[in-house]
Amino acid sequence: MSAVPPPASPASPSFPEGFRSGFACFVGRPNAGKSTLTNAIVGQKIAITSSKPQTTRHVIRGVLSRPDAQLILVDTPGLHRPRTLLGERLNDLVHETWAEVDVIGVCLPASQRIGPGDTYLVREIAELPRRPKLIALATKSDLVSPVRMAEHLVRIQKMEEELGIRWEAMIPVSAVAGDQVDDVTDEIVKLLPEGPPLYPEDALTDESDETRVAELIREAALEGVRDELPHSIAVVIDEMGLREGRPENKPLMDIYASIVVERDSQKGIIIGHKGARLREVGADARAQINALLGMPSYLSLKVKVMKDWQRDPKQLNRLGF
């Protein structure tokens, strides 16, 4: 599935002269603040966030519509050294996305030194046959002093000469504190091509409710797990629909979902002692799902073992990768 869909017929028959529309994505090391910034700009939770690396597994598009522009933000998996077939497929998806977007925001957390991982990422982008416009984002600006931020920006600037690139802008930003998020948006919009809106004005994402519900369950399941387990977790919605026979003003969404893991030992960890862990995951996920759907839900979770699914092409295809 392409990161950037073919241009639709204009979602709005008339749009002002100079209107801009296009695609942007954020890249960076794990926990650089990419998904948090995507959610802050769109103004709603589109991408799940977690302290675990490789949280994002597929391309998620968030849409911001303004009177002067429509920005489509593409949240992608992080580029990493793959150890499974899933990892290889996610990396391919990242490269496809980079080649198709108009702007890439490189997230370089101010709370960390710029290291080989950052240099590798930017070098990969620099070698693209069609290079998008680049902006440097000094994320997590709320965690550092002005002196440290100044040092960080100097180091970012040096990357231009070292890697043969050009930053269109360098912006300190904190998605958590809400500092300069609008400045980042304005800077990206300036770099978009002129053209009609590609999505309806009220669209926030092109993700289905089922996909977003599955992601919220996976986010809840990721919390508190350790080692390799986060990579082994997938979520499948088995059935989802409004409960029949309910009054119109009291709807209830029934959701039956499976948390997929690779080994029996992992199944035990997710379920927990006497099912306590699974109940906790269900309660956490349901609170987020109710907010997303704007109605109460009934959530039934089971845990299923699909042996080594990350390495099995058939299982990956079945799980949508």
Side-chain angles (χ1 to χ4, degrees), residues 1-12 15 19-29 32-35 37-39 41-42 46-48 54-66 69-80 82 86-108 118 120-137 163-169 184-200 203-208 211-212 215 316 320-321:
M1 182 179 170
S2 172
V4 177
S9 55
S12 163
F15 53 95
F19 191 92
R20 295 179 181 275
S21 64
F23 296 82
C25 73
F26 298 126
V27 306
R29 282 183 285 164
K34 304 180 290 290
S35 296
L37 188 53
T38 298
N39 291 340
I41 289 175
V42 175
I46 300 299
I48 69 170
Q54 300 309 316
T55 300
T56 304
R57 282 229 183 109
H58 58 290
V59 168
I60 301 164
R61 286 180 286 265
V63 184
L64 174 70
S65 293
R66 310 195 320 186
Q70 188 177 75
L71 166 61
I72 299 102
L73 280 172
V74 187
D75 192 46
T76 63
L79 195 69
H80 63 296
L86 172 64
E88 288 172 21
R89 290 188 179 182
L90 294 183
N91 275 359
D92 289 345
L93 197 56
V94 173
H95 281 109
E96 282 170 28
T97 304
W98 289 358
E100 293 175 333
V101 296
D102 302 294
V103 183
I104 292 180
V106 181
C107 296
L108 300 157
D118 302 305
Y120 169 75
L121 269 176
V122 178
R123 190 172 279 125
E124 288 281 300
I125 296 166
E127 289 172 3
L128 291 171
R130 176 197 160 273
R131 190 191 301 174
K133 291 176 178 171
L134 300 179
I135 62 171
L137 303 173
L163 302 172
I165 57 156
R166 175 168 173 261
W167 300 123
E168 304 290 336
V184 172
T185 309
D186 290 343
E187 200 57 50
I188 294 172
V189 163
K190 270 191 231 168
L191 300 171
L192 297 178
E194 289 193 10
L198 301 169
Y199 286 87
L204 284 171
T205 181
D206 61 356
E207 290 287 294
S208 69
T211 301
R212 294 176 76 188
E215 284 290 271
L316 282 174
F321 296 109

Checking [X] now: which residues fulfil side-chain hydrogen bond (donor to acceptor under 3.5 Å, both in side chains) with it, not counting sequence neighbours?
X: Glu194; result: none
X: Asp118; result: Arg29
X: Arg131; result: none
X: Thr185; result: none

Can you give me the closest heavy-atom contact between [X] and [Y], atom names plus distance?
X: Ala99; Y: Leu128; answer: N-CD1, 4.5 Å
X: Ile104; Y: Pro132; answer: CD1-CG, 3.8 Å
X: Ala126; Y: Ile165; answer: CB-CG2, 3.8 Å
X: Pro200; Y: Ser65; answer: O-OG, 4.3 Å
X: Val74; Y: Cys25; answer: O-CB, 3.1 Å
X: Glu187; Y: Ile135; answer: CG-CG2, 4.4 Å

With heavy-atom distances below 4.5 Å as the criterion, would you say the side chains of [X] and [Y] are in contact?
X: Arg66; Y: Asp186; answer: yes
X: Leu73; Y: Leu64; answer: no
X: Leu204; Y: Val42; answer: yes
X: Phe19; Y: Pro197; answer: yes

Please lay out, stage by stage, how Ile41 and Val184 fare under the test side-chain contact (heavy atoms from CB on, under 4.5 Å).
CA-CA 9 Å; Ile41 289 175; Val184 172; 4.2 Å; yes
Ser21 (side chain) donor-acceptor with Gln70 (main chain) under 3.5 angstrom
no
Check: Lys34 side chain, Cys107 main-chain N or O, donor-acceptor pair, under 3.5 Å:
no
Value rounded to 0.5 Å, distance of CH2 in Trp98 from CG in Leu121:
5.0 Å
For Phe23, the option from Val103, Leu71, Leu198 that meets side chain to side chain contact (heavy atoms under 4.5 Å, CB included)
Leu198
Ala69: which residues meet the side chain to side chain contact (heavy atoms under 4.5 Å, CB included) condition with it, sequence neighbours left out?
Arg20, Val189
